[in-house]
Amino acid sequence: MSAPASECLFCKIARKEVPAALVYEDEEVLAFKDIFPQAPVHLLIIPKAHCPGLGDVTPEAAAAVGRIPQVAAQLAKDHGVATGGWRLLSNCGPDAGQTVFHLHFHLLGGKPLGAKLCV
Ligand code: AMP
Ligand code: ZN
């Protein structure tokens, strides 16, 4: 179930209507700390434009989404996990455990993440 952009939590964070611990921002991409961190470093990276999930990326949104791995790599350096290793993942849909239906990528690091495929 996807909320309209007017009601979407991560759109509200992107519009600064809901506070978040921002760690990166440019015209198209925003990153902030996950409110329930599952690792010492647990950031969420989103395209600012509303998109429900990984299965809904439009050609118009693709450029911004395509830059997210580069943003993640820079954030991994900034947060001291580039050498130790980090994971970037996006849950798409209910079976994957997606709970917020605005496309987001979890950047996790700071401890051995093991074989776990979800957060
Ligand atoms: P997912 O379950 O993959 O949809 O991930 C949603 C993530 O958003 C979870 O890890 C939540 O802890 C996180 N989250 C929910 N609300 C907030 C918030 N207000 N600020 C930061 N992170 C949040
Ligand atoms: Zn949204």
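Heads up: numbering here begins at 1 and tracks the sequence. Note that the structure is predicted; figures quoted are calculated from it, not measured. We count ligands from 1, going down the list as the structure has it; atoms in each ligand are counted the same way.
Under 4.0 angstrom from ligand 1, the non-hydrogen atoms of Leu44 all belong to its side chain. Residue-level proximity to ligand 1 for Phe10 is carried by the side chain, the only part with a heavy atom below 4.0 angstrom. Residue contacts with ligand 1 for His104 involve side-chain atoms from C-beta outward but no N, CA, C or O (heavy atoms, distance under 4.0 Å).
Using a 4.0 angstrom heavy-atom cutoff, Ala20 does not count as in contact with ligand 1. Contact analysis leaves Phe101 out of contact with ligand 1, as no non-hydrogen atom separation drops below 4.0 angstrom. Ligand 1 lies less than 4.0 angstrom from a heavy atom belonging to His106.
Using the six-membered ring where Trp is involved, His106 and His42 have ring planes that are tilted, between 30° and 60° apart.
Each of the atoms 21 (C) of ligand 1 lies under 4.0 Å from some heavy atom of Lys33. Residue contact check: Gln98 has heavy atoms under 4.0 Å from atoms 4 (O) of ligand 1. Within the listing of ligand 1, atoms 3 (O) sit less than 4.0 angstrom from a heavy atom of Asn91. Close contacts between ligand 1 and Phe36 involve ligand atoms 12 (O) [criterion: under 4.0 Å to a heavy atom]. Ligand 1 places these atoms under 4.0 Å from at least one heavy atom of Phe32: 21 (C).
Shown here for Ala64 and Val29, the closest heavy-atom pair between the two residues is O-CG2, 3.9 Å. For the pair Ala72 and Trp86, the tightest heavy-atom approach, listed with the atom from each and the gap, is CB-CZ3, 3.7 Å.
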Give the C-alpha distance, both sets of side-chain angles, the deciding distance and a yes or no for side chain to side chain contact (heavy atoms under 4.5 Å, CB included) between Ile46 and Leu103. CA-CA 6 Å; Ile46 68 169; Leu103 176 60; over 6 Å; no
Step by step, work out the side chain to side chain contact (heavy atoms under 4.5 Å, CB included) result for Leu43 and Phe105. CA-CA 8 Å; Leu43 308 177; Phe105 292 82; over 6 Å; no
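Under the 4.0 Å criterion applied to side-chain N and carboxylate O atoms, Glu27 and Lys48 are not assigned as salt-bridge partners.
Of all protein atoms, those of element N, O or S that lie under 2.8 Å from the Zn ion (ligand 2) number 4.
Hydrophobic clustering of Ile, Leu, Val, Met, Phe, Trp and Tyr side chains at less than 4.5 Å, counting indirect connections, unites Leu30 with Val100.
Between Phe10 and Phe32, the ring centre distance stays below 6.0 Å.
The environment of Lys12 atom NZ is dense: over 12 non-hydrogen atoms of other residues, nucleotides or ligands sit within 6.0 angstrom.
Between Ile35 and ligand 1, an N or O atom pair is found at a separation short of 3.5 Å.
Looking only at atom types and distance, the side chain of Gln38 has no donor-acceptor partner in the side chain of Asp34 under 3.5 Å away.
Here the CG-NE2 distance, from Leu44 to His102, works out to 10.5 Å after rounding to the nearest 0.5 Å.
The salt bridge (charged side-chain N to carboxylate O under 4.0 Å, His left out) test applied to Glu28 returns Arg67, not counting sequence neighbours.
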